[in-house]
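Data block below; observations after.
Throughout, protein chains are lettered first and strands after them, A, B, ... in sequence-line order, and every chain is numbered starting at 1. Just so it is clear, the structure is predicted and the values come from calculations on it, not from any experiment.
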Protein chains: 2
Amino acid sequence: MNKEEQVIMGFRDLFNKMVWLNKFKMEESLKGYKSSEVHCIEYIGRNLDSNVTKLAESFYMTRGAISKLTKKLIEKGLIESYQKPDNKKEIYFRLTEQGKVIYKIHAELHKEFQERDKDVFEQVTEEQFDSMLRFVEKYSRHLDAEIKKLGVDIQSE
Amino acid sequence: MNKEEQVIMGFRDLFNKMVWLNKFKMEESLKGYKSSEVHCIEYIGRNLDSNVTKLAESFYMTRGAISKLTKKLIEKGLIESYQKPDNKKEIYFRLTEQGKVIYKIHAELHKEFQERDKDVFEQVTEEQFDSMLRFVEKYSRHLDAEIKKLGVDIQSE
DNA sequence: ATTATTTTGTTGACAAGGAAACAAAATAAC
DNA sequence: GTTATTTTGTTTCCTTGTCAACAAAATAAT
């Protein structure tokens with residue numbers, strides 16, 4: 001196995017682990033809330049005028065899936081929808097007071113994760129960070145171009 | 001947003017993209033085979049004496065899910081199960097001839113991906129590779145320790 | 001040796017997400 | 001201005017994965 005593969009597979013494994021562990025911790029502190037719901041709340045809290053389409057693109061999920069998820073969050077009273085006076089098609093979301101509470105708890109949890117992983121990151125130099133960021137950005141742009149080449153309507157796939 | 005977050009979120013985004021794109025390409029060349037099935041075949045092809053438990057741990061999925069997936073692969077004639085004379089409990093898997101065909105096609109596809117992404121990796125120095133690998137390994141070990149701390153039966157969660 | 005615990009794999013009920021078809025509104029073409 | 005195309009969000013059906021309960025075998029405890 002060459003180093004490219006090692007890096008990719010290493011990150012894949014690392015990522016699976018992180019997702020699994022953080023999901024576990026998340027659903028432990030935020031009982032009654034699924035991690036997908038919390039991620040959705042996080043996105044809506046961070047980004048103004050989120051809608052189904054933007055959420056779907058960000059999470060690499062279908063609009064149908066997001067539509068159902070946001071519907072559930074509205075029923076639970078965590079988010080609410082609104083529209084703009086000059087557009088009767090697009091539907092945006094924002095957090096309710098109750099949603100903001102979850103958002104804050106999530107943010108706290110995030111800090112806990114950072115604290116937990118501090119030791120690992122402390123040993124990374126500024127140069128290493130920058131080098132990794134450059135790699136990520138370059139690779140990401142490269143894949144964007146490849147995705148564009150497909151010339152495909154994302155929703156239908 | 002600090003650099004730790006940038007790195008983590010950058011990799012998350014990069015990863016989502018890669019999974020999405022490679023899944024698309026995979027199911028395009030290997031029509032009739034889902035990427036989850038192909039991943040399973042890949043693992044069984046690579047690892048001697050794979051069983052439900054090992055697959056589940058590697059993929060961070062439940063044994064139940066893997067049990068169903070392998071059942072389907074057996075029905076499709078891609079893998080077969082076998083046991084050892086001195087153990088009537090554990091059930092292992094190996095590829096059938098048909099499964100090996102898929103395995104090889106997948107390996108070819110993998111090479112195509114490497115070719116496709118060559119430009120990105122060519123610009124990474126040996127030092128950068130090593131630095132990333134050290135980071136991944138350190139972080140991975142750190143998370144292993146954290147997962148161990150949970151003291152939890154993985155299956156039940 | 002006998003009993004208790006753990007490991008391994010399977011099943012059925014349920015939930016989450018994808019695919020495709022659809023309606024309504026917005027935008028582009030003409 | 002009218003018509004065609006695209007965008008946006010929803011719904012229904014289906015697949016995939018989780019959860020929890022279970023049985024059988026292996027291992028540990030006594």
How close or far is atom [atom2] of [N] from atom [atom1] of [X], stated in whole angstroms?
X: B:M61; N: D:dC19; atom1: CE; atom2: P; answer: 12 Å
X: B:L69; N: C:dT11; atom1: CG; atom2: P; answer: 14 Å
X: A:Q83; N: D:dG9; atom1: CD; atom2: C1'; answer: 10 Å
X: B:K54; N: C:dT8; atom1: NZ; atom2: C1'; answer: 12 Å
X: A:Y60; N: C:dG18; atom1: OH; atom2: P; answer: 14 Å
X: B:R63; N: C:dT11; atom1: CZ; atom2: P; answer: 14 Å
X: B:E90; N: C:dT6; atom1: CD; atom2: P; answer: 17 Å
X: A:F59; N: C:dG18; atom1: CZ; atom2: P; answer: 12 Å

Looking at [X] and [Y], what are the two nearest heavy atoms and their distance?
X: B:F15; Y: A:I8; result: CE1-O, 4.3 Å
X: A:L78; Y: A:Y33; result: CD1-CE2, 3.6 Å
X: B:Y103; Y: B:R46; result: OH-CG, 3.7 Å

Minimum-distance nucleotide to B:K89 side chain [options: C:dA24, D:dG9, D:dA26]: D:dA26
Out of C:dG18, C:dA16, D:dA25, whichever nucleotide has its closest atom nearest the side chain of A:T62: C:dG18
May I ask you to evaluate whether [X] reaches the phosphate of [N], defined as a side-chain N or O under 4.0 Å from OP1 or OP2?
X: B:N51; N: C:dG9; answer: yes
X: A:S36; N: C:dA16; answer: no
X: B:K88; N: D:dA26; answer: no

Is [X] touching bases, backbone alone, or none of the nucleic acid, heavy atoms closer than 4.0 Å?
X: B:K72; value: sugar-phosphate
X: B:K68; value: base
X: A:A65; value: sugar-phosphate

Ring centres under 6.0 angstrom apart (B:Y82, B:F93): no
Test of ring centre spacing under 6.0 Å for A:F135 and B:F121: yes
Nearest-nucleotide comparison on DNA chain D, the residue closer to the 5′ end among A:I66 and A:E27: A:I66
Nearest-nucleotide comparison on DNA chain D, the residue closer to the 5′ end among A:K23 and A:S67: A:S67
First encountered from the 5' end of DNA chain C, between B:K71 and A:N87: B:K71
